[in-house]
J.: 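There's a structure below that I have some questions on.
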Amino acid sequence: GYWANGRRFHPYAGEAKRLLGVPIDHVGLCGWTTKQMVASLDNPNCRDVCGNMWKGLRVKLREHRYSHCVILAGTNDVGGREGGAEDIVRNIVKLASVAMQHGCKVFVMTIPEMRAEQQQAKMHAIRTRANQLLMQQGSHLNTIDLAPLVPYHRVHRAERDRIWEPDGLHLRPDGYDKMGRAVAARLTASQTPGAGKAPSRAPEDTGIVSDPSRAAQSPSKAPVAGRVYAPAAGRSPLAVLAANPSPSRSPPRAISKIF
């Protein structure tokens, strides 16, 4: 929820919590890359670039029993040119794997656009490729395609000024609220019988699927109640994407607490 040059924060988790009516915890690792997030899974004292202290993902998941985990990450990797698309997705899959091991149904968001892509073709190529790979994970990951929901380049100036900060990297409160509504809508849709399924096992840490036809089809587990966790590094610590989940005959997992 970073905005106003870091003087104020407006996490998307607030709007999602209002709409879903369930407790939502969030972690905002401003300025962190996916590599840093993976390296600090067990770190109880994570300091972000704004000086705020948080806990690593596995530490947080051990504190509470969450039903869902929402991940948005990758912007800082793309902006800092740290690794390629495959590295970004591999790290996001590792984060998702940890959350699944703790009984969470995981939703990952695609990486939103950024103004710098207009001058940096490589940044655009890495971001779009990472999003494609996330979308191709199939039944391994539930995705929320955030990128087209908060566009930067293909939008009228008035709308851009309403939802984006002048830096073209961070969102304004209206933009974060749009994210929160997207998360709430996706999680609500997943509660509809037959709308999708949660993977029965965590994906392998290195199991990036580059071909949608290779996505594994696993039977669903019985629903597990917990709480929801919504980590986010500034605007980049966890990524969003909307894939078409496979149909399931098992009952949807109740949303009780989100991280």
Side-chain angles (χ1 to χ4, degrees), residues 1-22 24-33 48-52 70-80 88 107-121 123-128 130-132 134-135 143-190 228-243 258:
Y2 177 110
W3 74 291
N5 294 319
R7 296 190 301 272
R8 303 180 70 179
F9 296 87
H10 189 89
Y12 70 86
E15 179 70 358
K17 177 180 179 179
R18 183 185 72 81
L19 293 171
L20 292 170
V22 299
I24 299 182
D25 294 341
H26 79 278
V27 168
L29 293 164
C30 293
W32 276 40
T33 63
D48 66 19
V49 297
C50 296
N52 297 316
V70 181
I71 297 176
L72 170 61
T75 295
N76 291 319
D77 301 68
V78 175
I88 294 171
F107 289 81
V108 208
M109 293 191 270
T110 52
I111 305 169
E113 295 178 348
M114 57 194 83
R115 187 182 66 185
E117 292 178 54
Q118 293 176 321
Q119 292 79 36
Q120 302 290 335
M123 289 176 61
H124 175 75
I126 292 174
R127 183 187 65 80
T128 54
N131 286 349
Q132 290 171 354
L134 285 171
M135 295 174 72
T143 51
I144 304 172
D145 198 358
L146 182 64
L149 298 179
V150 285
Y152 181 85
H153 302 294
R154 297 177 300 279
V155 67
H156 292 300
R157 174 71 178 272
E159 176 67 4
R160 180 187 301 155
D161 292 344
R162 186 178 70 84
I163 66 175
W164 285 93
E165 285 279 88
D167 63 10
L169 178 64
H170 301 97
L171 296 170
R172 294 180 184 273
D174 282 351
Y176 288 119
D177 284 348
K178 285 190 71 171
M179 286 177 55
R181 289 192 291 273
V183 169
R186 183 69 173 90
L187 267 64
T188 299
S190 74
V228 182
Y229 171 53
R235 190 214 65 168
S236 64
L238 294 172
V240 105
L241 187 87
I258 305 173

J.: What is the minimum heavy-atom distance between Pro112 and Arg127, and which atoms define it?
T.: O-CD, 3.0 Å

J.: Distance-only, no hydrogens or angles: does the Arg162 side chain make a donor-acceptor pair with backbone N or O of Arg157 under 3.5 Å?
T.: no

J.: Report yes if some heavy atom in the side chain of Asp145 is under 4.5 Å from a heavy atom in the side chain of Met135; otherwise report no.
T.: yes

J.: Looking only at side-chain N and O atoms, does His170 offer a donor or acceptor that is under 3.5 Å from a partner on Glu165?
T.: no

J.: Quick one: does Ser190's side chain have a donor or acceptor within less than 3.5 Å of a partner on Leu187's backbone?
T.: yes

J.: Suppose we screen for side-chain contact (heavy atoms from CB on, under 4.5 Å). Which residues come up paired with Arg18, at least two apart in sequence or across chains?
T.: Glu15

J.: Contact between Ile111 and Ile88 at the side-chain level, heavy atoms closer than 4.5 Å - yes or no?
T.: yes

J.: Using the side chain to side chain contact (heavy atoms under 4.5 Å, CB included) rule, take Leu149 and Met179 through it: C-alpha gap first, then chi angles, then the decisive distance, then the call.
T.: CA-CA 8 Å; Leu149 298 179; Met179 286 177 55; over 6 Å; no

J.: Is the side chain of Arg115 donor-acceptor paired with the backbone N or O of Leu169 at a distance under 3.5 Å, no angle test?
T.: no

J.: Are any non-hydrogen side-chain atoms of Met123 and Met114 less than 4.5 angstrom apart?
T.: yes

J.: Please list, chain by chain and in numerical order, all residues satisfying salt bridge (charged side-chain N to carboxylate O under 4.0 Å, His left out) with Lys178, sequence neighbours excluded.
T.: Glu159

J.: Would you kindly check if the NZ (Lys) or CZ (Arg) of Arg160 is within the cone defined by 45 degrees around the ring axis of Tyr152 and under 6.0 Å from the six-membered ring centre?
T.: yes

J.: Please report the shortest heavy-atom distance between Gly31 and Asn76, naming the atom on each side.
T.: C-ND2, 3.1 Å

J.: Applying side chain to side chain contact (heavy atoms under 4.5 Å, CB included) to Phe107 and Ile71, what does each step give before you reach the verdict?
T.: CA-CA 6 Å; Phe107 289 81; Ile71 297 176; over 6 Å; no

J.: Does the pair Arg154 and Glu113 meet the rule for a side chain to side chain contact (heavy atoms under 4.5 Å, CB included), with working shown?
T.: CA-CA 10 Å; Arg154 297 177 300 279; Glu113 295 178 348; 3.0 Å; yes

J.: Would you give the length of the straight line joining atom NE2 of His124 to atom CD1 of Ile126, rounded to the nearest 0.5 angstrom?
T.: 11.5 Å

J.: Does a side-chain heavy-atom distance below 4.5 Å link Val70 with Tyr12?
T.: yes

J.: Could you check if a side-chain atom of Trp32 sits within less than 4.5 angstrom of a side-chain atom of Asp48, using non-hydrogen atoms only?
T.: yes

J.: Considering only heavy atoms from C-beta outward, does the side chain of Asp177 approach that of His10 to under 4.5 Å?
T.: yes

J.: Working to the nearest 0.5 angstrom, can you tell me the gap between Glu117 CD and Gln120 CD?
T.: 10.0 Å

J.: State, yes or no, whether a side-chain contact exists between Val150 and Tyr176 at a heavy-atom distance under 4.5 Å.
T.: no

J.: What is the minimum heavy-atom distance between Cys50 and Cys30, and which atoms define it?
T.: SG-CB, 3.9 Å

